[in-house]
Number of protein chains: 2
Amino acid sequence: MSSRREISLAERKRQLVADELTEAALQLLALKGFDGVTVDEIVTSAGVSKRTFFRYFASKEDVVVQFLADMGTGMCAELAARPAGELPSEALRHTVWVPLGECAEHSDRALRVVQLILRTPALNARFLERQARWRDDLAAELVGRLGLDAGAELYPRLAAGMALNAFDAVLHLWSGSDGAEDPAALTDRAFAVIAPALDAVVGRG
Amino acid sequence: MSSRREISLAERKRQLVADELTEAALQLLALKGFDGVTVDEIVTSAGVSKRTFFRYFASKEDVVVQFLADMGTGMCAELAARPAGELPSEALRHTVWVPLGECAEHSDRALRVVQLILRTPALNARFLERQARWRDDLAAELVGRLGLDAGAELYPRLAAGMALNAFDAVLHLWSGSDGAEDPAALTDRAFAVIAPALDAVVGRG
DNA sequence: CCCCTCGTGACACCGAGTGTCAATGCGCTA
DNA sequence: TAGCGCATTGACACTCGGTGTCACGAGGGG
């Protein structure tokens with residue numbers, strides 16, 4: 001009977017350590033910048049060993065970028081959940097709004113993290129890597145969604161790329177304005193620009 | 001009178017060392033993969049010290065990505081050189097074709113390098129970083145080109161992003177097909193998809 | 001009560017990247 | 001031709017990110 005509890009307990013312990021680590025890391029990184037903080041400082045502040053840090057995060061960048069990990073899966077799930085008949089531009093706009101809405105919600109912490117990521121080359125690179133993975137997932141979802149044959153590999157990839165491109169632009173403008181700009185309005189304006197390309201395919205076939 | 005010659009000689013020596021380094025690196029990397037080769041192996045093969053390597057390249061990734069360095073400046077120059085009245089989709093299609101055409105030209109070496117970059121996460125990340133810089137440059141060029149005011153920051157960024165997105169998609173398909181796909185045809189098809197969004201702005205104002 | 005497993009810390013180690021300094025080569029000038 | 005100045009290089013030590021290994025302790029099951 002303890003197997004369920006044991007797993008749950010272990011899971012909670014893991015989560016506890018992970019939270020402690022991210023908390024310590026985010027505080028130090030926001031204070032001294034990404035390159036100004038060593039992993040040893042982080043683990044000393046969190047009270048664990050360096051080896052343990054790398055058991056929880058694959059790299060020093062990961063402790064920041066992991067913060068946005070579930071956004072990708074959330075986006076893909078949202079796209080899968082959109083009604084079948086919806087226009088691509090509408091479906092993708094809602095899809096991209098999932099992580100953006102989260103940012104707007106806890107704008108206090110999210111803004112600092114996003115600004116740290118966008119102004120730190122190493123973090124930005126990791127972020128772009130992650131976006132590339134999201135794009136592939138969204139493209140695959142689009143193929144199934146629109147019933148395209150496997151030969152038409154160009155449109156889904158471009159459509160997913162355009163959506164994430166809009167996502168990226170909104171994030172930059174929001175971060176650059178220190179949160180003054182409204183993400184929802186920016187998203188609407190961005191999708192107004194790209195919608196003609198997104199929806200042209202349904203008009204042609 | 002020797003100042004010109006001296007500079008020229010020094011320049012040529014620098015170029016010689018750089019070429020030797022990239023040559024040795026590319027050969028080893030193509031053979032054993034990015035993570036399977038250390039910088040020490042490269043410099044031993046090239047006959048210089050490790051310190052010298054890092055005087056020529058900022059990082060181990062750079063020795064590969066630098067291979068595509070002038071592509072960015074070439075693209076920006078091409079966009080600046082396009083006729084003023086040209087539609088954005090046309091101007092950007094020619095812009096993106098500059099690096100693609102180079103790839104198609106020396107497809108033997110370019111293909112191996114591109115494949116190495118796209119399948120190596122660390123190299124891919126650097127490549128995406130570089131693309132982000134290109135996107136900013138292209139966006140700035142578009143602002144001047146279309147006479148947009150500084151307030152409309154959304155369209156130029158999205159347009160440049162879409163163009164580079166198409167560039168990236170073409171590169172992936174070309175690389176994934178081992179060079180079998182025709183880059184020119186892929187580029188045309190990709191821009192046929194995104195053109196409605198690219199040119200909508202001139203129809204509206 | 002013993003065993004087994006899992007998480008952790010400690011330690012050594014590798015590889016990327018940097019700072020520093022001495023030596024070398026080369027053009028220039030007296 | 002001798003000497004000066006500048007740029008490039010090699011050698012070395014060092015920091016830091018990241019990994020492999022092992023021994024230890026806690027906790028749970030037989």
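A, B, ... follow the sequence lines: proteins, then strands. Residue 1 opens every chain.
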Seminar exercise, completed: Nucleotide by nucleotide, nucleotides 13-18 of chain C touches protein heavy atoms under 4.0 Å in the pattern (B base, S sugar-phosphate only, - none) --SSBB

Side chains of residues 30-39 of chain B: which donor-acceptor partners sit under 3.5 Å, not counting sequence neighbours?
{"residue": "B:K32", "atom": "NZ", "partner": "B:E41", "partner atom": "OE1", "Å": "2.8"}
{"residue": "B:T38", "atom": "OG1", "partner": "B:E41", "partner atom": "N", "Å": "3.2"}

I'd like a table of donor-acceptor pairs (distance under 3.5 Å, sequence neighbours excluded) in which one partner is a side-chain atom from residues 102-111 of chain A, with atom names and distances.
{"residue": "A:H106", "atom": "ND1", "partner": "A:E102", "partner atom": "O", "Å": "2.9"}
{"residue": "A:R109", "atom": "NH1", "partner": "A:E23", "partner atom": "OE1", "Å": "3.4"}
{"residue": "A:R109", "atom": "NH2", "partner": "A:E23", "partner atom": "OE2", "Å": "3.4"}

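- Side-chain nitrogen and oxygen atoms of B:T52 include at least one within less than 4.0 Å of the OP1 or OP2 phosphate oxygen of D:dG10.
- Under the side-chain hydrogen bond (donor to acceptor under 3.5 Å, both in side chains) criterion, A:D19 pairs with A:Q15, sequence neighbours left out.
- Separating the CZ atom of A:R12 from the P atom of C:dG7 is a distance of 15 Å, rounded to the nearest angstrom.
- Remark: A:E181 engages no residue in a salt bridge (charged side-chain N to carboxylate O under 4.0 Å, His left out) (not counting sequence neighbours).
- Each salt bridge (Lys or Arg N to Asp or Glu O under 4.0 Å) pair with one or both residues in residues 118-127 of chain B, not counting sequence neighbours, appears once here: B:E61-B:R126.
- Within the 4.0 Å cut-off from OP1 or OP2 of D:dT8, not a single side-chain nitrogen or oxygen of B:Y56 is found.
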